[in-house]
*Asks:* 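The structure under discussion is supplied below as structure tokens; questions concerning it will follow.
Here is the naming used below: chain letters follow the sequence lines, and residue numbers restart at 1 for every chain. Everything quoted here is computed from the prediction, not taken from an experiment.
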Amino acid sequence: DTAVSQTPKYLVTQMGNDKSIKCEQNLGHDTMYWYKQDSKKFLKIMFSYNNKELIINETVPNRFSPKSPDKAHLNLHINSLELGDSAVYFCASSQDEASGGISTDTQYFGPGTRLTVL
Amino acid sequence: DAKTTQPPSMDCAEGRAANLPCNHSTISGNEYVYWYRQIHSQGPQYIIHGLKNNETNEMASLIITEDRKSSTLILPHATLRDTAVYYCIVKAASNTGKLIFGQGTTLQVKP
């Protein structure tokens with residue numbers, strides 16, 4: 001009954017390949033995210049989708065394409081993988097909770113996918 | 001979104017309270033203070049958040065100064081499992097939901 005799940009947990013691939021990482025949340029949340037954590041441990045947002053609509057795109061190369069078939073899923077497809085794409089990718093989800101009219105969404109993260117590009 | 005400053009590392013004895021400080025001197029009136037932590041090799045985990053009042057939940061307490069320029073996360077009885085990187089994040093009250101993570105504080109709980 002994992003809240004936010006990702007597959008695969010580990011992904012090792014060659015430069016130039018195309019790969020996908022899947023994310024599913026069973027929390028009924030409206031918003032899903034992808035974050036990237038590089039080798040220096042900096043955690044940075046890449047994309048955010050709300051009700052299957054893209055709302056954040058943090059100048060990520062267009063080799064990265066998020067796809068949201070429904071509210072519960074946000075998959076990340078990466079074309080022409082490069083060495084610099086090696087990182088841990090985290091999916092997250094949230095539900096806006098209005099508190100006095102102000103959004104205070106709390107994000108729940110998946111376990112991460114460690115991508116290694118050789 | 002306002003920037004935060006945290007000490008890079010702290011130690012705490014097991015069973016004692018861990019007090020993690022955070023400075024956010026440029027915080028705006030509608031920005032919340034969030035705390036997340038990341039245990040080694042796991043995804044970040046939400047701990048607590050607040051606007052101006054002190055908050056407490058089953059994990060921790062959050063003390064926000066009256067001028068809101070700094071806050072302290074308190075783990076009342078630290079255990080070895082609390083060893084993690086703790087992130088203090090100030091987030092605007094908007095619908096974009098973007099969390100901006102800094103370097104955080106690495107808390108080492110020692111037996």
Side-chain angles (χ1 to χ4, degrees), chain A residues 2-6 9-10 21 23 25 27 29-38 40-51 53-60 74 87-114, chain B residues 1-4 6 8-9 27-53 55 57-60 62 64 68 71 73 83-108:
Chain A
T2 305
V4 181
S5 59
Q6 297 179 225
K9 187 170 174 63
Y10 300 96
I21 306 172
C23 178
Q25 54 94 4
L27 298 167
H29 288 168
D30 287 336
T31 307
M32 296 185 71
Y33 312 80
W34 277 107
Y35 287 81
K36 177 181 180 181
Q37 189 166 38
D38 61 23
K40 295 184 179 178
K41 303 297 185 184
F42 288 114
L43 193 62
K44 189 172 180 182
I45 191 165
M46 299 173 68
F47 300 102
S48 170
Y49 267 71
N50 180 270
N51 281 317
E53 187 176 333
L54 180 67
I55 56 174
I56 296 176
N57 182 340
E58 289 289 309
T59 61
V60 177
L74 181 63
V88 182
Y89 292 84
F90 290 100
C91 176
S93 73
S94 71
Q95 179 70 38
D96 280 353
E97 296 170 5
S99 173
I102 298 173
S103 172
T104 59
D105 61 299
T106 297
Q107 295 186 22
Y108 297 85
F109 285 77
T113 295
R114 181 174 294 277
Chain B
D1 293 324
K3 185 178 176 181
T4 63
Q6 299 177 250
S9 63
I27 192 170
S28 310
N30 66 347
E31 289 180 321
Y32 284 72
V33 180
Y34 281 80
W35 283 83
Y36 282 77
R37 74 180 182 183
Q38 187 173 23
I39 296 170
H40 181 62
S41 298
Q42 296 182 22
Q45 177 190 24
Y46 165 79
I47 301 173
I48 199 167
H49 74 281
L51 184 62
K52 52 185 176 182
N53 296 323
E55 302 288 344
N57 63 20
E58 64 280 1
M59 288 183 69
L62 174 60
I64 303 174
R68 302 211 321 126
S71 60
L73 178 75
T83 293
V85 180
Y86 287 77
Y87 297 99
C88 168
I89 301 167
V90 172
K91 180 179 167 296
S94 70
N95 290 324
T96 64
K98 181 169 66 175
L99 290 174
I100 300 175
F101 288 84
Q103 288 192 298
T105 296
T106 299
L107 175 68
Q108 182 73 48

*Asks:* Quick one: what part of A/Gln6 sits under 4.5 Å from any heavy atom of chain B, side chain, backbone, both or neither?
*Replies:*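 Contact with chain B is absent: no heavy atom of A/Gln6 under 4.5 Å.
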
*Asks:* Measuring from B/Gln103:CD to A/Lys40:NZ, what's the distance to the nearest 0.5 Å?
*Replies:*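 Rounded to the nearest 0.5 Å, the CD-NZ separation comes out at 10.0 Å.
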
*Asks:* List the residues meeting ring-ring contact (aromatic ring centres under 6.0 Å, His included) with B/Tyr46, not counting sequence neighbours, and say none if there are none.
*Replies:* B/Tyr36, B/His49

*Asks:* Hey, could you give me the OG1/CD1 distance between A/Thr106 and B/Ile48, rounded to the nearest 0.5 Å?
*Replies:*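 Separation between the atoms: 10.5 Å.
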
*Asks:* Is there a side-chain contact between A/Tyr108 and B/Gln45, using heavy atoms and a 4.5 Å cut-off?
*Replies:*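 A/Tyr108 does not reach B/Gln45 side chain to side chain.
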
*Asks:* Less than 4.5 Å apart, any side-chain heavy atom of B/Gln38 and any of A/Gln37?
*Replies:* yes

*Asks:* For residues A/Gln107 and B/Leu99, determine if any side-chain heavy atom of one lies less than 4.5 Å from a side-chain heavy atom of the other.
*Replies:* yes

